[in-house]
> 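Below: one structure in structure tokens.
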There are 2 protein chains.
Amino acid sequence: MPNRTPSRVPARKEQAKSPIQVIGRMMRLLDLLAEHPEPLGLKQIAQYTGLHPSTAHRILNAMAADRMVDRVEPGSYRLGMRLLELGNLVKSRISVRELALPAMRELHAQTGETVNLSVRHDDEIVYVERTSSGRSAMRVVHVVGARAALHITSAGKLFLLEEGFAKVREYAKRTGLVPHTKNSIASVTLLERDLARIQRQGWATDNEETELGVRCVAAAIRDDGGHLIAALSLSTPTERMKPHWGPLVKAAADKISHAIGHVPGVRIGTH
Amino acid sequence: MPNRTPSRVPARKEQAKSPIQVIGRMMRLLDLLAEHPEPLGLKQIAQYTGLHPSTAHRILNAMAADRMVDRVEPGSYRLGMRLLELGNLVKSRISVRELALPAMRELHAQTGETVNLSVRHDDEIVYVERTSSGRSAMRVVHVVGARAALHITSAGKLFLLEEGFAKVREYAKRTGLVPHTKNSIASVTLLERDLARIQRQGWATDNEETELGVRCVAAAIRDDGGHLIAALSLSTPTERMKPHWGPLVKAAADKISHAIGHVPGVRIGTH
DNA sequence: TCGCGGCGTTTCACATCATGAGATAGAATC
DNA sequence: GATTCTATCTCATGATGTGAAACGCCGCGA
């Protein structure tokens, strides 16, 4: 197909993925504007995207009419307010629980162990969802709605770490770090050391700290703003816990984060 | 009426605002998906938008390829993740937001009422951020991204005042000062009188002019050039509004302006 | 088991619609 | 005031999106 663009810079090969050219071009324009925080002039836009200035102008105008892009001044464009509205709409419709379930089932199928989803509520974590089967007679069951202190659960430790060490000391003073078993972490120093290790390895553990004979691994679930909103955890009888399940839980949690819209490295808003 | 598409119903007159039909149709699809939280089937989409099923399908596919819409299962569509990403980008580029949040939270803590941050966009104000809690069952909630006319909101009046009385008359002529409630200011004379009062006292009010039963107070947020860039407002049910909250909102707005780099008296650049 | 109806998807000849070279307008620079 | 940038508009051209119809798939009921 003889695409008779003069000796214009090739820029990039016309991507064939879009069944409709105009929409593909629209996306290239949005991509470009997304990459540049400052408003761009029509000339640059045309050059970067490889579109004819006339074409770029026409499409940008159409988008501006629907507030998808903002024409800040003649010939100067940036991403528009409509995107903010639609984005918030998408966000408001996300349910962590629903999006987490497939990955939870998969993790459960791989391990055969109980998988929990929990969120923070004050100084405790609350179990929000669970997948377990009758495959094994002996299994760890947390009732949905049950709660537990932050410092004695793998999921809780993730929330403590998120707040930073200053707040951890406040938490310790406030609650007194009441131990539940002989393995529970009862000193701030040990807790901080444990949190540092969690930060390094990417997932948290609970070595019979909530209940003797029960071990857990947990990993963080983050939203589009990079904020910790939930924790995915795996609970097993001590003797059945496998070392490689840590990364496995981490991977499942990352998959859920991705489904929610999390992009590693992105952090918006001030907590 | 049988759904047989032969006697094609116009559904709605093709809106002529988009210079490119495909983009206009895309917007209609996005609008429809925005209105419906649950995923929609192709058949319904085609019916609601008046598009041919084949056309709707083709456009939706193109959008799905770029993740603007999400094809949750064959023939079932909803708004896509890309919108969340782009929306966050837009949001992150409104820097006032971040700097305003601490003061907004403080003001919220002092009053217990909903605090809004808004900016001007054309002849409307757009709500950019909100702090509200579940402390009180009854509260005033503006959706982030929502818009409202300038002359019926306390925040909007600040922007009108900023432009001077000459431009206010232009605005009045342009928009017709459409009233929203029986309290809305619908005459230029009254509007000018209100603006003069706002200028004297340093903050703006909205006495059930947007919605009956709701009152607001707003104050200006200015950048280092002395330009009005945003407005901080407090919305309450009429009976809960306290007279001393005016100065309080003004003080909070001034604090934000200071954080941005505003120095009272400084005014640079044009207009 | 077979046939039927509904739905999403794909196809393809047609003509509508987006295209881009060029003209125009407007703003900055020399 | 001439020059040279832009952004915007115009319009003949044919590439490109259109939609009726055909296809394939599934579930339902006979």
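These figures come from a predicted structure and were not determined experimentally. Residue numbers begin at 1 in each chain, while the letters A, B, ... track the order of the sequences.
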> Taking the nucleotide of DNA chain D with the closest heavy atom to each, which residue, A:L40 or B:I59, is nearer the 5' end?
A:L40
> Roughly, in whole Å, what's the span from CD in B:Q47 to C1' in C:dC7?
12 Å
> Does a side-chain heavy-atom distance below 4.5 Å link A:I221 with A:L117?
yes
> Establish, with yes or no, whether the OP1 or OP2 oxygen of C:dT16 is under 4.0 angstrom from a side-chain nitrogen or oxygen of B:Q21.
no
> Can you tell me the distance, in whole Å, between the CG atom of B:L29 and the P atom of D:dT18?
11 Å
> Check every atom of C:dT9, D:dT10, D:dT18 against the side chain of B:V22 and return the nucleotide holding the closest atom.
D:dT18
> May I have the distance from A:Q44 (atom CD) to D:dT6 (atom C1'), rounded to whole angstrom?
12 Å
> What's B:H57 touching, base or sugar-phosphate or nothing? Going by heavy atoms closer than 4.0 Å.
base
> Does the side chain of A:R58 get closer than 4.0 angstrom to OP1 or OP2 of C:dT19 through an N or O atom?
yes
> Of the listed nucleotides (D:dT18, C:dT10, C:dT9), which one gets closest to any side-chain atom of A:I20?
D:dT18
> Is there a donor-acceptor contact under 3.5 Å from the side chain of B:S257 to the main chain of B:A253?
yes
> Would you mind reading off the distance between B:M26 atom CE and D:dG17 atom P, rounded to a whole angstrom?
13 Å
> Base, backbone or nothing for each nucleotide of nucleotides 25-30 of chain C, written B, S, -, heavy atoms under 4.0 angstrom, 5' to 3'?
------
> With respect to the side chain of A:K43, which nucleotide from D:dA7, D:dA20, C:dT9 is positioned closest?
D:dA7
> Report the distance from atom CG of A:N61 to atom C1' of D:dT8, rounded to the nearest whole Å.
9 Å
> Hey, is the side chain of B:S54 pairing donor to acceptor with the base of D:dA20 inside 3.5 Å?
yes
> Ignoring hydrogens and geometry, is there a side-chain-to-backbone donor-acceptor pair from B:H52 to B:S54 under 3.5 Å?
yes
> Only one of B:R222, B:Q199, B:R120, B:K167 clears side-chain hydrogen bond (donor to acceptor under 3.5 Å, both in side chains) with B:E162; which?
B:R222
> Does A:H258 have more than 12 heavy atoms from other residues, nucleotides or ligands lying within 6.0 Å of its NE2?
no
> Check A:L30, A:L79, A:L33, A:V266 against B:L89 for a side chain to side chain contact (heavy atoms under 4.5 Å, CB included) and give me the one that passes.
A:L79
> Does a side-chain N or O from A:T55 land closer than 4.0 Å to OP1 or OP2 of C:dG20, or not?
yes
> Look at the side chain of A:L42 and decide which nucleotide, out of C:dT11, D:dT8, D:dT18, has an atom nearest to it.
D:dT8
> Does C:dA18 have its OP1 or OP2 closer than 4.0 Å to a side-chain nitrogen or oxygen of A:R25?
no
> A:L60 has an atom CG; how far is it from atom C1' of D:dC9, in whole Å?
16 Å
> Rounded to the Å, how far apart are B:H52 NE2 and C:dT16 C1'?
16 Å
> Contact between B:L29 and B:L60 at the side-chain level, heavy atoms closer than 4.5 Å - yes or no?
yes
> List the atom of B:H151, the atom of B:K157, and the distance in Å for their closest heavy-atom pair.
O-CE, 3.7 Å
> Rounding to an integer number of Å, can you tell me how far A:I23 CD1 sits from C:dA18 P?
11 Å
